[in-house]
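Working notes for the structure below.
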There are 2 protein chains.
Amino acid sequence: MTPRPRHLPSEERRAEAVEAVIRLAASTNPEEITTSAIAARMKLTQGALFRHFPTKDAIWQGVMEWVSDRLLARIDRLAGAETDPLAALEAMFLGHVDFIAEHPGVPRMMAGQLQNAGETPAKRLARTLVENYGNRLRRILAAARAEGVVPPGLDIDAAATLFLGMVQGLVMQHLIHGDSARMRADASRVWVIYRAGLLAAEHAPEGRA
Amino acid sequence: MTPRPRHLPSEERRAEAVEAVIRLAASTNPEEITTSAIAARMKLTQGALFRHFPTKDAIWQGVMEWVSDRLLARIDRLAGAETDPLAALEAMFLGHVDFIAEHPGVPRMMAGQLQNAGETPAKRLARTLVENYGNRLRRILAAARAEGVVPPGLDIDAAATLFLGMVQGLVMQHLIHGDSARMRADASRVWVIYRAGLLAAEHAPEGRA
DNA sequence: TGTCAAAGTAATTACTTACTCACATAATGG
DNA sequence: CCATTATGTGAGTAAGTAATTACTTTGACA
């Protein structure tokens with residue numbers, strides 16, 4: 001083990017800081033993640049952080065970029081591996097849940113950023129991520145409709161909203177129970193209902209079957 | 001208009017404070033709701049607040065009780081007015097969305113409390129609300145299953161989770177678009193898919209109809 | 001009507017926050 | 001090997017934060 005160098009290039013320190021925030025958020029309310037807490041986890045003095053970031057919001061920007069890149073890359077890879085649109089959606093969903101199980105602080109941070117009052121750059125990144133995610137959902141849902149996998153009258157925007165809500169419902173359960181394995185198991189069960197909703201939507205409500 | 005008395009009984013001031021927090025949360029990140037901000041909205045000095053609350057968390061407790069009482073009372077009233085379980089669920093859902101449209105800060109505050117690290121009394125109240133809400137959902141869903149309105153194999157826990165997620169998905173869209181009327185309209189569209197999911201769950205995935 | 005407890009004020013407390021700065025140290029290229 | 005620059009330190013700063021306190025005002029009621 002090489003004795004850890006005390007001076008690291010700025011780029012590496014920035015990556016370290018982002019990682020520190022992600023890990024801190026797993027067990028802490030994002031609002032309580034102070035620059036001191038970040039520096040402490042990096043074994044750095046608090047002031048040193050500002051050699052690499054001009055402001056605290058810049059750290060949050062870095063974090064949101066990290067989340068965006070990783071999450072979108074993962075769901076694109078998973079969805080791209082499937083030919084059936086519904087299978088692609090399911091892979092996206094389960095992959096997203098896995099991502100959250102691996103990084104439990106992420107939804108907390110997203111929510112924290114989104115509900116910030118002012119228009120900070122970090123908030124804009126968070127919103128852009130949600131939009132990009134929604135675009136991917138709608139694209140796949142449109143493909144499913146075009147292929148006749150789901151009814152032609154399926155409301156795609158509503159289906160996308162419900163998809164995102166499905167993830168958040170699981171996150172809330174996770175916040176309350178704190179059990180990642182359970183969240184993963186619940187995900188499959190919720191998916192069954194969602195999938196049925198996609199397949200059956202707009203059909204006569206009575207006389208099912 | 002009677003000239004506003006400067007000295008109010010403590011009970012009224014507490015109610016005022018809770019109301020002030022609810023209204024502040026409509027436009028502010030809950031974490032930024034300081035005792036000074038609350039006092040300012042009440043046209044009171046900051047210190048005076050502590051004549052009526054021993055601590056700031058006590059204010060949050062009051063707020064969470066306010067939310068609990070009002071929300072549960074509303075959904076109980078709406079659901080109780082329906083005989084068909086599915087109609088009751090729909091009334092609950094739309095009533096909940098209305099409640100959020102009237103008090104947009106509520107979901108923000110709930111989320112903020114739930115993700116607090118420590119075990120504050122206010123956090124416990126928030127969690128209790130979610131549990132009570134879930135219990136009501138599961139009771140109605142169980143009734144629907146018993147009456148044969150939904151398939152006997154419907155996963156009730158998953159359906160309840162998805163219901164709560166459905167609300168949160170709308171809240172997130174609302175956070176992004178900031179349009180209450182749109183949220184209300186979207187709610188009906190999302191409900192169609194959810195309802196279809198309840199009715200069709202566990203049926204053969206292929207060959208819909 | 002005078003009394004007194006409840007309610008309000010203004011100033012202050014101890015503490016935390018993001019951010020800065022003068023100075024020290026490590027890495028790097030000529 | 002030395003000079004330059006990037007990185008790190010430790011001790012600041014100003015602007016908040018929740019909570020306290022000495023003192024004043026109000027209003028109800030004996």
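Basis for what follows: all heavy atoms, side chains included, without hydrogens, waters or symmetry-related copies. All chains are named by letter (A, B, ...) in the order of the sequence lines, taking the proteins before the strands, and each is independently numbered beginning at 1.
Between B/E31 atom CD and D/dA18 atom C1' the separation is 14 Å, expressed in whole Å. When rounded to the nearest whole Å, the span between CG of B/L49 and C1' of D/dT20 equals 14 Å. Note: CE (B/M42) to P (C/dT9) measures 10 Å, nearest angstrom. Here the P atom of nucleotide D/dT17 and the CG atom of B/N29 are 13 Å apart, to the nearest Å. Rounded to an integer number of Å, the gap from NZ of B/K56 to P of D/dG16 is 15 Å. Whole-Å rounding puts the A/E12 CD to D/dG8 C1' distance at 15 Å. The separation between A/H7 atom NE2 and D/dT7 atom P is 9 Å, rounded to whole Å. Straight-line distance from the CZ atom of B/F50 to the P atom of C/dA7: 16 Å, rounded to whole Å.
Contact annotation: the side chain of B/V21 approaches that of B/W60 to within less than 4.5 Å [non-hydrogen atoms, C-beta and beyond].
The listed nucleotides are D/dT9, C/dG8, C/dA26; the one nearest the side chain of B/R13 is C/dG8. Nearest nucleotide to the side chain of A/Q46, out of D/dC23, C/dT20, D/dG8: C/dT20. Checking C/dA18, D/dG10, C/dC23 against the side-chain heavy atoms of A/R51 singles out C/dC23 as nearest.
Put simply, the residue from B/V150, B/V149, B/I140 that forms a side chain to side chain contact (heavy atoms under 4.5 Å, CB included) with B/L89 is B/I140.
Between A/Y133 and A/F163, the ring planes lie tilted relative to each other; the angle falls in the 30° to 60° range. Taking the six-membered ring for Trp and thresholds of 30 and 60 degrees, A/W66 and A/F99 have ring planes inclined between 30 and 60 degrees apart.
In this structure, B/T45 does not reach the C/dA10 phosphate: none of its side-chain N or O atoms is under 4.0 Å from OP1 or OP2. An OP1 or OP2 oxygen of C/dT16 is reached within less than 4.0 angstrom by no side-chain nitrogen or oxygen of A/S36. Note on B/T55: a side-chain N or O is less than 4.0 Å away from OP1 or OP2 of D/dA19.
Distance check: A/I100 CD1 to A/Q168 CD gives 8.5 Å after rounding to the nearest 0.5 Å.
Judged purely by distance below 3.5 Å, without hydrogens or angles, the side chains of B/S10 and B/R14 pair a donor atom with an acceptor atom.
Using a cut-off of 4.0 Å between Lys/Arg side-chain N and Asp/Glu carboxylate O, B/E102 and B/R74 are scored as salt-bridged.
Within 4.0 Å of B/L44, counting heavy atoms only, lie sugar-phosphate atoms of the nucleic acid but no base atom.
From one end of the helix from C/dT1-D/dA30 to C/dT12-D/dA19 to the other, with five pairs defining each end axis, the axis direction shifts by 10° (rounded to 10°).
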